[in-house]
Participant: 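To start, I am sharing the structure in question, which I have written as structure tokens.
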Amino acid sequence: MLFKEKGGEQSAAQIRAFDDTWHWTLESAGVYQDIVQNGPRKLGDLLQAMVSFLGHNDMMAYLVMMAARLLELHRVLKATGSIYLHCDSTASHYLRLVMDAIFGVENYRNEIIWKRASAHSDAKQGARHFGRITDTLLFYGKSGRTTFNPLYRPYDQSYIDRDYRRVDPDGRRYRIDNLQGPGGAEKGNPSYEVMGVTRYWRYSKEKMEQLIREGRVIQTRPGAVPQYKRYLDEMPGIPAQSLWDDLPSINNRSKELLGYPTQKPEGLLERVIQTSSNEGDVVLDPFCGCGTAVAVAERLKRRWIGIDVTYLAINLVQRRLTDNFGSNLTPFEIIGLGGHFKTGQ
Ligand SMILES: C[S@@+](CC[C@H](N)C(=O)[O-])C[C@H]1O[C@@H](n2cnc3c(N)ncnc32)[C@H](O)[C@@H]1O
């Protein structure tokens, strides 16, 4: 029922897209030949090497399909833009080579590992491998000018308890840090006396006096080397790293749940979109499914384009947007459902 065309007949394209399987067909061979003959030389060389290793199998068909699309995505991406390719470990190692050939090794940024589940019990079914609980996001820029807004997450309580043990009378937590200049005189650090202790310091005498006036210098006992008071509430948090293990995936109790089989959590797309774009920028998801990237882009005041080959997905995206944003929804257009529709106008 899901895959019926508007007219009622079954759609081969939609079934194939949903099935998530690819087969080497005349079409794959044609796209492959086209890239080898007319595409960038490095990509052609790579695909030929891959064919000699993999043969004309399903994986190769998938890689050729992706290569053709990644070429176009590279073409339309702005110099300040980034691309995140979300996949699992089945093909991530091949896709990374394809991305290297299209986006350039120098534009590789991260291989982000997203922990999407806490445990898999395949072993009980006789699997002889560790549970596969992570996905991979291959992150590339278009150039050295890509937008990157670093994000921070709160410190773990165990880290706070261990490193920020000291508390001011007004309740502010702090830790003490070294004020001495590493490398001493050789590195040009000034030497003078502070609270009865002479050392090479990290700051000039004037700066040190200012820190003392501001109550930022502490001597834990008479004669001890003075140290710097670093307050917890002035620290930004932990900068996001390439391991994303703090973003739970959608489950049966999630408020976001729409029932779409491969639906991603909004938190994941939020991190991607906030890091790599600013308000008013364009977010493109060429395999948008039920529109997680589109909904998050709308919420974060980005412009957006979502593409999917199934009616089901497009209908869901439309419904999701109206449900989430109601009258605040920015007008958008639907192109290709047998016509060109405008909404909200
Ligand atoms: C993994 S899902 C995306 C899920 C999405 N991130 C979400 O949160 O809902 C991949 C989507 O790609 C679509 N798709 C497959 N082949 C496609 C093609 N050639 N062009 C456009 N969309 C395609 C499928 O219909 C499916 O909805």
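When a ligand or atom number is given, it counts from 1 through the structure's own listing order. Just so it is clear, the model here is predicted, and its values are computed rather than measured.
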Participant: Side chains of Glu298 and Trp304: any donor to acceptor distance under 3.5 Å?
Facilitator: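 Yes, Glu298 and Trp304 have a side-chain donor paired with an acceptor closer than 3.5 Å.
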Participant: Hey, which atoms in ligand 1 end up nearer than 4.0 Å to a heavy atom of Lys264?
Facilitator: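 In order of number, 6 (N), 7 (C), 8 (O).
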Participant: Could you pull out all residues at least two apart from Gln157 that satisfy side chain to side chain donor-acceptor pair (under 3.5 Å)?
Facilitator: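 With sequence neighbours excluded, Gln157 shows a side chain to side chain donor-acceptor pair (under 3.5 Å) to Asp161, given in chain and number order.
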Participant: With heavy atoms only and a cut-off of under 4.0 Å, state how Arg69 meets ligand 1: side chain, backbone, both or neither.
Facilitator: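 Looking at Arg69 and ligand 1, just side chain atoms fall under 4.0 Å.
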Participant: Looking only at N/O atoms, are Val309 and ligand 1 under 3.5 Å apart anywhere?
Facilitator: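 By distance alone, the answer is yes.
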Participant: If you draw a 6.0 Å radius around OH in Tyr108, do more than 12 non-hydrogen atoms from other residues or ligands fall strictly inside?
Facilitator: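 Yes, enclosed.
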Participant: Which atoms of ligand 1 sit under 4.0 Å from any heavy atom of Pro286?
Facilitator: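 Per the distance check, 21 (C), 22 (N).
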Participant: Between Cys290 and ligand 1, which residue portion shows a heavy-atom distance shorter than 4.0 Å: side chain, backbone, both, or neither?
Facilitator: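 Under 4.0 Å from ligand 1, Cys290 contributes backbone and side-chain atoms.
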Participant: Are there over 12 heavy-atom neighbours, none belonging to Asp170, within less than 6.0 Å of that residue's CG?
Facilitator: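 Yes, the 6.0 Å shell around CG holds more than 12 heavy atoms from other groups.
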Participant: What part of Cys288, side chain, backbone, both or neither, has a heavy atom within less than 4.0 angstrom of ligand 1?
Facilitator: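 Looking at Cys288 and ligand 1, just backbone atoms fall under 4.0 Å.
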Participant: Just distances here: any N/O of Asp285 and N/O of ligand 1 closer than 3.5 Å?
Facilitator: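 Checking ligand 1 against Asp285, no N or O pair falls under 3.5 Å apart.
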Participant: Check if Ala293 has a non-hydrogen atom at a distance under 4.0 Å from any atom of ligand 1.
Facilitator: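 In this structure, Ala293 fails to qualify as a contact of ligand 1 - no heavy atom is under 4.0 Å.
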Participant: Return yes when atom CZ of Arg153 has more than 12 non-hydrogen atoms of other residues, nucleotides or ligands closer than 6.0 Å, and no otherwise.
Facilitator: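 Yes.
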Participant: Short list, please: which atoms of ligand 1 are under 4.0 Å from a heavy atom of Thr292?
Facilitator: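 Within the 4.0 Å cut-off of Thr292, ligand 1 contributes 7 (C), 8 (O), 9 (O).
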Participant: For Gln227 and Leu179, indicate whether the former's side chain and the latter's backbone hold a donor-acceptor pair under 3.5 Å.
Facilitator: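 No, the answer is negative, given that no donor and acceptor are paired below the 3.5 Å cut-off.
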Participant: Of Thr310, Val317, Asp308, which has the heavy atom at the shortest distance from atom 13 (C) of ligand 1?
Facilitator: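 Closest candidate by heavy-atom distance is Asp308.
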Participant: Can you find an N/O atom of Gln263 closer than 3.5 Å to an N/O atom of ligand 1?
Facilitator: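 No.
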Participant: Name every donor-acceptor pair, under 3.5 Å, that has one atom in a side chain of residues 135-143 and the other anywhere in the protein, sequence neighbours excluded.
Facilitator:
residue, atom, partner, partner atom, Å
Asp135, OD1, Arg116, NE, 2.6
Asp135, OD1, Arg116, NH2, 3.4
Asp135, OD2, His86, NE2, 2.8
Tyr140, OH, Arg96, O, 3.2
Tyr140, OH, Asp100, OD1, 2.6
Lys142, NZ, His74, O, 2.8
Lys142, NZ, Leu77, O, 2.6
Ser143, OG, Ala79, O, 2.7
Ser143, OG, Arg145, N, 3.0

Participant: Would the distance check show the side chain of Asn149 and the main-chain N or O of Gln274 forming a donor-acceptor pair, the cut-off being under 3.5 Å?
Facilitator: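 Yes, the answer is positive, given that a donor and an acceptor are paired below the 3.5 Å cut-off.
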Participant: Under 4.0 Å from a heavy atom of Tyr260: which atoms of ligand 1 are those, numbered in the order shown and with their elements?
Facilitator: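 Checking each atom against Tyr260, I get 9 (O), 25 (O), 26 (C), 27 (O).
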